[in-house]
2 protein chains.
Amino acid sequence: MRPTTKDLAIEAGVSLATVDRVLNNRPGVREDTVLKVNQAIQKLGFIRNVVAANLARGKSYRFLFLLPRTGDQFRAGLVERIHEANQIFAAEMIHADVMHIHESDPHQIANALGSLELEQADGVAIMAPESPQVRDAKARLVEKGIDAISFIAGQMASGRHDFVGIDNHAAGATAGRLMGRFLKHSEGAILVIAETMLARDSLERRLGFDEIINADYPNLAVLPSLETYGDAERTARIIHNSLLSQPNIAGVYIVSSEARVPLEVVTKAFTKEKPVIIAHERTPFTEAALRSHHVDALITQDPGHLVRSAIRILRARKDRREILASQEKIRIEVLIKENL
Amino acid sequence: MRPTTKDLAIEAGVSLATVDRVLNNRPGVREDTVLKVNQAIQKLGFIRNVVAANLARGKSYRFLFLLPRTGDQFRAGLVERIHEANQIFAAEMIHADVMHIHESDPHQIANALGSLELEQADGVAIMAPESPQVRDAKARLVEKGIDAISFIAGQMASGRHDFVGIDNHAAGATAGRLMGRFLKHSEGAILVIAETMLARDSLERRLGFDEIINADYPNLAVLPSLETYGDAERTARIIHNSLLSQPNIAGVYIVSSEARVPLEVVTKAFTKEKPVIIAHERTPFTEAALRSHHVDALITQDPGHLVRSAIRILRARKDRREILASQEKIRIEVLIKENL
DNA sequence: CAGGCTTTGAGGTACGTACCTAAAAGTCTG
DNA sequence: CAGACTTTTAGGTACGTACCTCAAAGCCTG
């Protein structure tokens with residue numbers, strides 16, 4: 001049987017109350033008594049029963065996901081996964097809500113963050129580009145006792161787990177390597193389509209992509225990024241313009257998470273001699289495109305894993321616990337038709 | 001606040017004791033009373049606090065992983081993940097042990113399973129080929145009240161979650177597609193190396209692999225499988241023999257989970273004109289081989305996910321709860337150097 | 001309507017921890 | 001060594017559920 005606080009008290013030769021004070025960092029315990037208790041913890045291998053503790057505290061966790069208001073299927077999938085996660089975590093008294101923000105308006109995001117109170121949320125996961133305003137607002141949140149982590153959009157931090165998502169440079173490199181290998185004996189240009197290159201993740205993916213192509217595939221030339229600004233008409237226009245000036249397109253790399261609109265345009269634009277197409281994220285649309293051979297590969301991250309990982313990390317933060325890093329590492333997945 | 005049993009009792013107009021009888025299927029409740037309570041559950045959206053329930057029950061879960069005694073780095077990684085999982089699940093009063101079996105001796109496995117008692121384990125995850133003896137032993141276990149699932153080695157069941165692992169046919173197909181695309185403009189033969197083709201997983205991988213190559217890549221010819229029987233010397237011998245009779249090897253596909261020995265032999269055997277090499281599973285060795293370009297791609301399944309999923313499924317079985325299928329789906333991952 | 005049965009109620013204890021109070025014991029200061 | 005202070009003890013209640021007992025109420029049968 002696992003030792004309990006009672007066993008600890010006996011082993012340390014103190015009362016339950018003292019054990020409790022040590023365990024919860026309450027004041028009024030002499031240092032040598034603290035030591036005695038800690039030694040007993042070591043000796044018995046005491047592990048606090050977090051579940052009983054939370055029950056006693058009547059504690060529940062409320063987390064908030066700040067997601068961009070705009071978006072398409074990838075965003076919708078995320079919301080669905082958050083609802084799903086609520087089922088799993090309900091047993092642990094954890095609930096997550098979604099709040100919508102204007103991704104491109106740092107002031108609005110900062111305001112939303114600023115008006116959050118500890119009663120409303122124990123932690124937030126923010127999917128928005130890093131800006132000075134947002135960074136400041138996050139710092140103020142943490143001062144209030146609300147933990148904040150970056151979600152998907154952000155940057156791999158070394159060490160601290162402040163970010164849940166993939167290494168976008170590596171994701172771009174993965175796309176680049178596949179593109180290169182799939183086009184080994186072809187020559188031509190590669191179209192790169194992004195929503196906006198202002199977003200750090202798109203930028204990093206592009207850098208990783210270029211690095212591989214430039215280093216190992218001299219037969220391929222990566223064209224300047226086309227920016228769609230999320231607008232369907234603009235997307236159609238710029239892609240068609242690009243095709244006119246550049247007849248020999250061997251590959252297309254769609255950088256952004258929302259690939260539907262650019263994919264629709266691209267698949268219509270190429271009637272014969274389909275180029276190799278690589279996009280990001282698994283959505284109903286991209287999945288269908290992969291099945292019907294309109295797309296050759298997808299570079300994805302598992303939205304369910306992302307959501308659950310963010311929740312686990314926020315919770316561990318709140319409990320001042322360590323996390324198991326290997327479980328929280330978000331993998332860059334490669335999807336082809338066969339392993340869908 | 002979440003409704004409690006107390007709220008249920010009030011809503012249904014019965015006592016706590018009756019609510020308890022209904023919730024735990026205890027006898028002595030009239031049918032219309034059961035109905036009243038169930039309606040109250042519906043109306044209030046009552047969710048049983050599993051955590052408090054387990055605390056009250058003093059219940060803890062003991063699970064057992066039956067792993068083959070032989071094996072190399074993949075097996076070692078699994079054991080490590082099981083220890084890791086124990087940390088995570090300790091809070092939920094779950095502990096998993098490892099038991100070693102002779103994979104190839106169905107009688108011994110059946111004996112081990114047969115001698116298990118409910119006091120020793122609440123559930124077992126078995127990594128062993130399906131044989132009539134093992135199947136029978138599993139059935140008897142379930143009669144005893146010990147749940148049993150197949151782990152990694154086994155077959156994707158439709159519907160019921162009796163198996164934790166990947167669809168090996170699809171995994172082989174994934175390997176086949178990558179091999180085909182990487183060798184688009186080459187001609188030659190493909191060496192297939194397995195520990196034994198008696199194992200169902202190797203067989204299925206091979207079938208999936210052949211299906212893709214034969215259908216879409218007439219430039220490639222898949223050779224008969226070489227079986228190593230896990231023996232290093234034999235491996236070296238049969239591979240060298242094969243190379244003598246077959247000078248034009250364009251690709252090598254290593255089917256088995258333990259790829260180290262065949263990989264060592266293969267990388268030494270090809271001095272110039274390295275073939276495309278695809279193997280399974282991420283281990284320290286295969287990871288290094290990928291980094292050093294000795295291997296072109298790995299088809300993997302996440303051992304940590306496998307272990308945690310098996311534990312979650314066994315636990316849900318014990319509690320007679322449903323699982324969240326999307327979390328338990330084990331993905332076929334594709335690893336190249338860039339997304340390691 | 002008595003006797004036996006089934007169903008329900010009321011209350012308690014327990015799980016492991018948190019958090020509270022009042023009082024006892026220990027330590028320091030002048 | 002008295003008084004003030006700090007540290008510790010002892011005991012209680014609570015969280016939400018499980019499981020137990022005993023008594024009360026309801027029902028059926030002859």
Side-chain angles (χ1 to χ4, degrees), chain A residues 1-41 44-61 89-95 318-321, chain B residues 1-41 44-61 89-95 318-321:
Chain A
M1 260 293 130
R2 248 167 66 170
T4 69
T5 43
K6 210 169 264 182
D7 302 320
L8 268 190
I10 296 170
E11 175 69 28
V14 297
S15 73
L16 260 179
T18 301
V19 167
D20 178 66
R21 280 190 279 265
V22 173
L23 283 178
N24 297 292
N25 295 311
R26 274 187 260 279
V29 187
R30 250 188 287 120
E31 260 193 44
D32 56 320
T33 313
V34 173
L35 205 72
K36 273 200 294 186
V37 174
N38 283 328
Q39 280 169 348
I41 292 176
L44 299 185
F46 172 83
I47 308 167
R48 184 210 230 89
N49 187 334
V50 194
V51 146
N54 284 346
L55 178 61
R57 277 207 186 91
K59 180 170 183 171
S60 60
Y61 304 81
F89 288 110
E92 299 166 61
M93 308 300 279
I94 297 175
H95 184 83
K318 206 71 202 164
D319 293 345
R320 293 191 163 56
R321 271 186 309 111
Chain B
M1 262 294 132
R2 249 166 67 172
T4 69
T5 43
K6 209 169 265 183
D7 302 320
L8 267 190
I10 297 171
E11 176 69 30
V14 299
S15 73
L16 260 180
T18 302
V19 168
D20 177 65
R21 286 182 192 110
V22 174
L23 283 179
N24 297 292
N25 295 311
R26 274 185 258 279
V29 187
R30 250 191 287 121
E31 260 195 47
D32 56 322
T33 314
V34 174
L35 204 72
K36 273 199 294 183
V37 174
N38 283 328
Q39 280 169 346
I41 291 176
L44 298 186
F46 171 83
I47 309 167
R48 185 210 231 88
N49 187 334
V50 194
V51 148
N54 283 346
L55 178 60
R57 279 207 184 92
K59 181 171 184 172
S60 61
Y61 304 82
F89 288 109
E92 297 166 62
M93 309 298 281
I94 296 174
H95 184 83
K318 206 71 204 166
D319 293 345
R320 294 193 160 56
R321 271 186 309 113

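Because only heavy atoms are used, hydrogens play no part in the values below, and waters and symmetry mates are left out as well, while side chains stay in. Below, chain A is the first sequence line, B the second, and so on; all start at residue 1.
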A.B. asks: Side-chain N or O of Thr18(B) versus OP1/OP2 of dG9(C): is the shortest distance under 4.0 Å?
C.D. replies: yes

A.B. asks: Could you state the atom-to-atom distance from CG of Leu55(B) to C1' of dT13(C) in whole Å?
C.D. replies: 13 Å

A.B. asks: Is any side-chain heavy atom of Asp20(B) less than 4.5 Å from a side-chain heavy atom of Thr5(B)?
C.D. replies: no

A.B. asks: Report the residue (Thr33(A) or Gly58(A)) whose heavy-atom-nearest nucleotide on DNA chain D is the more 5′ of the two.
C.D. replies: Thr33(A)

A.B. asks: Closest approach to the side chain of Arg57(B), judged atom by atom: which nucleotide of dC15(C), dT17(C), dA18(D) is it?
C.D. replies: dA18(D)

A.B. asks: Look at the side chain of Arg30(B) against the base of dG26(D) and say whether a donor-acceptor pair falls under 3.5 Å; ignore hydrogens and angles.
C.D. replies: no

A.B. asks: Quickly work out the Ile47(B) CD1 to dG16(D) C1' distance and round it to whole Å.
C.D. replies: 14 Å

A.B. asks: Take the protein atom CG of Asp32(A) and the nucleotide atom P of dT7(D), then report the distance between them rounded to whole Å.
C.D. replies: 10 Å

A.B. asks: So, OP1 or OP2 of dA18(D): does either fall under 4.0 Å of a side-chain N or O from Asn24(B)?
C.D. replies: yes

A.B. asks: Nearest-nucleotide wise, let me know which of Arg26(B) and Ala52(B) is further upstream toward the 5' end of DNA chain D.
C.D. replies: Ala52(B)

A.B. asks: Side chains of Lys36(B) and Val29(B): does their closest heavy-atom pair fall under 4.5 Å?
C.D. replies: no

A.B. asks: Does Thr4(A) put a side-chain nitrogen or oxygen below 4.0 Å from OP1 or OP2 of dG16(C)?
C.D. replies: no

A.B. asks: Can you figure out which of dT17(C), dA10(C), dT8(C) approaches the side chain of Ala17(B) most closely?
C.D. replies: dA10(C)

A.B. asks: In whole angstroms, how far is the C1' atom of dA18(D) from the CG atom of Asn25(B)?
C.D. replies: 13 Å

A.B. asks: Mind checking if Val14(A) touches a base, just sugar-phosphate, or nothing, with heavy atoms under 4.0 Å?
C.D. replies: sugar-phosphate

A.B. asks: Nearest 0.5 Å please: distance from the NZ atom of Lys318(A) over to the NZ atom of Lys59(A).
C.D. replies: 6.5 Å

A.B. asks: What distance separates Glu92(B) CD from Asn49(A) CG, expressed to the nearest 0.5 Å?
C.D. replies: 10.5 Å

A.B. asks: Rounding to an integer number of Å, can you tell me how far Leu16(A) CG sits from dG16(C) P?
C.D. replies: 12 Å

A.B. asks: Asp20(A) near the nucleic acid: base, sugar-phosphate alone, or nothing, with a heavy-atom cut-off under 4.0 Å?
C.D. replies: base

A.B. asks: Under 4.0 Å between a side-chain N/O of Arg48(A) and OP1 or OP2 of dT17(C), yes or no?
C.D. replies: no

A.B. asks: Could you check if a side-chain atom of Asp319(A) sits within less than 4.5 angstrom of a side-chain atom of Tyr61(A), using non-hydrogen atoms only?
C.D. replies: yes

A.B. asks: Look at the side-chain N and O atoms of Thr5(A) and state whether any lies under 4.0 Å from the OP1 or OP2 oxygen of dG16(C).
C.D. replies: no

A.B. asks: Just the rounded figure in Å: distance from P of dT8(C) to CD of Glu31(B).
C.D. replies: 11 Å

A.B. asks: Could you check whether Ala53(B) gets within reach of a base, just the sugar-phosphate, or nothing at all, counting any heavy atom under 4.0 Å?
C.D. replies: sugar-phosphate

